[in-house]
Amino acid sequence: MASSGENIFSAREAVSGAIAAALDKLGIGADAGSIMLERPNDPSHGDLSCNIALVTAKKIGTNPRKLAARLVEGLELDEDFIDRVEIAGPGFINFSFSDRYLTGQIAAINELGDSYGSSNLGGGRKVQVEFVSANPTGPLVIVSARAAAIGAALVNILKKAGYEVETEYYLNDAGSQVRKLGASTMTRFRQRIGEDVPFPEDGYSGEYLVDLAAEIPEGEGRAWLEKGGDEAVKAFGDYTLDRTITWIKGDLEGFGVEFDAFFRESALYVEGGEIEDVLALYRDRGSVYEEEGAVWFRSTDYGDEKDRVLVRSDGTPTYFLADAAYHLNKFRRGFDRVIDIFGPDHHGHIARLKAASAVFGAPDDWLTVLTVQWVRLMEDGRQIKMSKRGGEFETLADLVTDVGADASKFFFLMRKINAHLDFNLTLARKESEENPVYYVQYAHARICSVISYARGEGVESPKDSSCVELLTEPEEMELIRNLVIFPQLIEGAAESYEPHRLSTYGQQLAGSFHRFYHICRIVSGDTRLSEARLLLAIATKIVLSETLRLLGISAPERM
RNA sequence: GCGCCCGUAGCUCAGCUGGAUAGAGCAGCGGACUUCUAAUCCGCAGGUCACAGGUUCGAAUCCUGUCGGGCGUACCA
């Protein structure tokens, strides 16, 4: 019987193959891609639905139902897989999996274990996912938490789908924002030692800099001040960066999100670094020109709406130049594909970044930019303003303390990334027990509990899995159907970069398990039936814990 | 002004790349534990998919326009 990953798909492939053959018999040349098999919403419409008759009928001058009838007549299907074929509605051809096929998948899943759902869709291609990348000017805030949850889940999914993935955090440790940060800390330090100095108008006014300045050994701080001017600002800036980067790493660790690499913007500015290279390369390609003393990039040649400045008239490089250089660096590292996850305030960069990449020869689909939309934090019905400069914000660390990493991750991953999100803190705190994440985790804990109970009662997984034929209840079949769609779900989530599909699925799967558990007693006097249900529970545990793992959420054994 | 994203139940959101009668959770109402975890299950109620056209066998989904919200539109980062 089914024992490898391929066999999980074989029913589906068998059906599309049979349809293609039947079309061929009728002399209708249909390209393979036009045969679509969908999973109907309504279970009475079977497990797979084909609309090919609807699509092609007009082309060959007949009506869809007639064409469907002729197609079905010519279908040769393996009855081990499909036991019912029906023409329905305007001309859909609906296929139902046989119970034998479905129950057979339980053994296949148990044999594959954690690798169930893995595929070779990616073919080992190298993908880099860059995310969070918030400026190191303070603790991470909520929108970064959302990006972290999404990025980490996407990475897990891509790996599962056969991509080789590296994660990276881009640290903007150069440029004027860092100067401001240094100046802000310096001012806080001077205020601390009793100097009456005004705080810079565009400085970072958050309390955390006061605290940070308080921790600077006084002698050291005074020594930095004596350097004077830019040197002093730089000394305070370096100190502050060191601390904020440590915070950021700690926050991410507390959230359970790891990065393979932290790439420092300052590394681009070294002698022989990509800043120089990208300018030279663009000059070679004739993509730059000088105007009013500044160096411009002709990004309009590549579809951007206006040209962009690379080097200001005062000779300093722009943020965009650094970004272009950074992407040249990524390109040279040999990634087949690069995914940047941006915050909502950076979506204007997409066109110019694509332009920048095109010049150094990156294919159109090399760079994908995903935009994570804002999170509005609501508390007691009012929106909390979030601004590092304004100083009032909810940090990622606060969120972890308030509602926990698992719950907040699940919350973020329930939504499409490009939709705005209202995070109701009051509700999340007060009703964290109502959070859907517990529903999914509880199903897992329940399974663990019942498995150990079964063992205590002497029910073990049988060597021979033929007992699964005893599974016939609707709740059993519904649960198996949900297990069977898992591999396809992974591929869909990987192709569309939509990790939220897994959280929806997790709820659906947990729901079908809870219903099964409620209706079907697992450990009963009927040993063979108990064994069969135990096998089903184990298969569910595998898929559920894998789903949670991909989402970056723990799968507790007891709750 | 121009560009991108969004508008689905009272609230927060799904809707599998154009399919059949648009689904969950929360909130509301009513039921189910002397038996494997009640953080569970079952039922009821809740909708002009912002609005108007268009494309076609078929539209919440694609196109155009309007309205509403967010973001961007720097020789800031």
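Chain naming here is simple, since letters A, B, ... match the order of the sequence lines and numbering starts at 1 in each.
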In whole Å, measure the gap between the P atoms of B:G18 and B:C5 for me.
16 Å
Using both distances under 3.5 Å as the test, list the Watson-Crick or G-U wobble partner of B:U37, or none.
none
Sort out the partner of B:G7 for me: Watson-Crick or G-U wobble, both distances under 3.5 Å, none otherwise.
B:C67
Considering Watson-Crick and G-U wobble pairs with both distances under 3.5 Å, what does B:A59 pair with?
none
Can you tell me how far C1' in B:C51 sits from the matching atom in B:U56, rounded to whole Å?
22 Å
Taking atom C1' in both B:C63 and B:G25, compute the distance separating them and give it to the nearest angstrom.
34 Å
Is the shortest distance from a Lys or Arg side-chain nitrogen in A:Arg298 or A:Asp307 to a carboxylate oxygen in the other one below 4.0 Å?
no
Watson-Crick or G-U counterpart of B:A22, or none if no pair lies under 3.5 Å:
none
Separation of the C1' atoms in B:C75 and B:U61, to the nearest angstrom
43 Å
Using 4.0 Å as the upper bound for N to carboxylate O, is an ion pair formed by A:Asp230 and A:Arg179?
yes
Is B:U34 in the syn range, within 90° of 0, or in the anti range?
anti
What nucleotide, of B:C36, B:U37, B:A20, holds the atom closest to the side chain of A:Ala445?
B:U37
Need the pair for B:A27. Rule: Watson-Crick or G-U wobble, both distances under 3.5 Å, any strand; none if unpaired.
none
Hey, does the side-chain of A:His349 have a donor or acceptor N/O within less than 3.5 Å of a partner on the base of B:A77?
yes
If you compare every side-chain N and O of A:Lys306 against the phosphate oxygens of B:A74 (OP1, OP2), does one of them come in below 4.0 Å?
yes
So, taking the atom named CZ in A:Phe410 and the one named OH in A:Tyr439, what distance separates them when rounded to the nearest 0.5 Å?
10.5 Å
Going by the angle between their ring planes, with limits at 30° and 60°, are A:Phe342 and A:His349 parallel, tilted or perpendicular?
perpendicular
If we call it a pair only when both distances are under 3.5 Å in a Watson-Crick or G-U wobble match, what pairs with B:U73?
B:G1
Test for a donor-acceptor pair under 3.5 Å between the base of B:G72 and the side chain of A:Asp345, counting only N and O atoms.
no
Pair of N/O donor and acceptor under 3.5 Å linking B:C16 base with A:Asn41 side chain
yes
Nucleotide nearest A:Pro436 when distance is taken to its side chain, options B:U21, B:C41, B:G25:
B:G25
If only side-chain N and O atoms of A:Tyr517 are considered, is one of them under 4.0 Å from the OP1 or OP2 phosphate oxygen of B:C33?
no
What is the base-pairing partner of B:U17, counting Watson-Crick and G-U wobble geometry with both distances under 3.5 Å?
none
Do the ring planes of A:Tyr170 and A:Tyr326 sit parallel (below 30°), tilted (30 to 60°) or perpendicular (above 60°)?
parallel
Going by modelled atom types, is there a donor-acceptor pair between the base of B:G72 and the side chain of A:His346 at under 3.5 Å?
no
Base of B:C16 paired with side chain of A:Arg39 (donor-acceptor, under 3.5 Å):
yes
If you measure from the ring centre of A:Phe92 to the centre of the six-membered ring in the base of B:A20, is it under 5.5 Å, with the planes under 30° apart?
yes
Under 5.5 Å centre to centre and under 30° between planes: does that hold for A:His45 and the six-membered base ring of B:A20?
yes
Report the glycosidic orientation of B:C33: syn if within 90° of 0, anti in every other case.
syn
Any side-chain to backbone donor/acceptor pair from A:Asn94 onto A:Gly46? Under 3.5 Å, distance only.
no
With hydrogens left out and only the distance checked, is there a donor-acceptor pair under 3.5 Å joining A:Thr504's side chain and the base of B:A24?
no
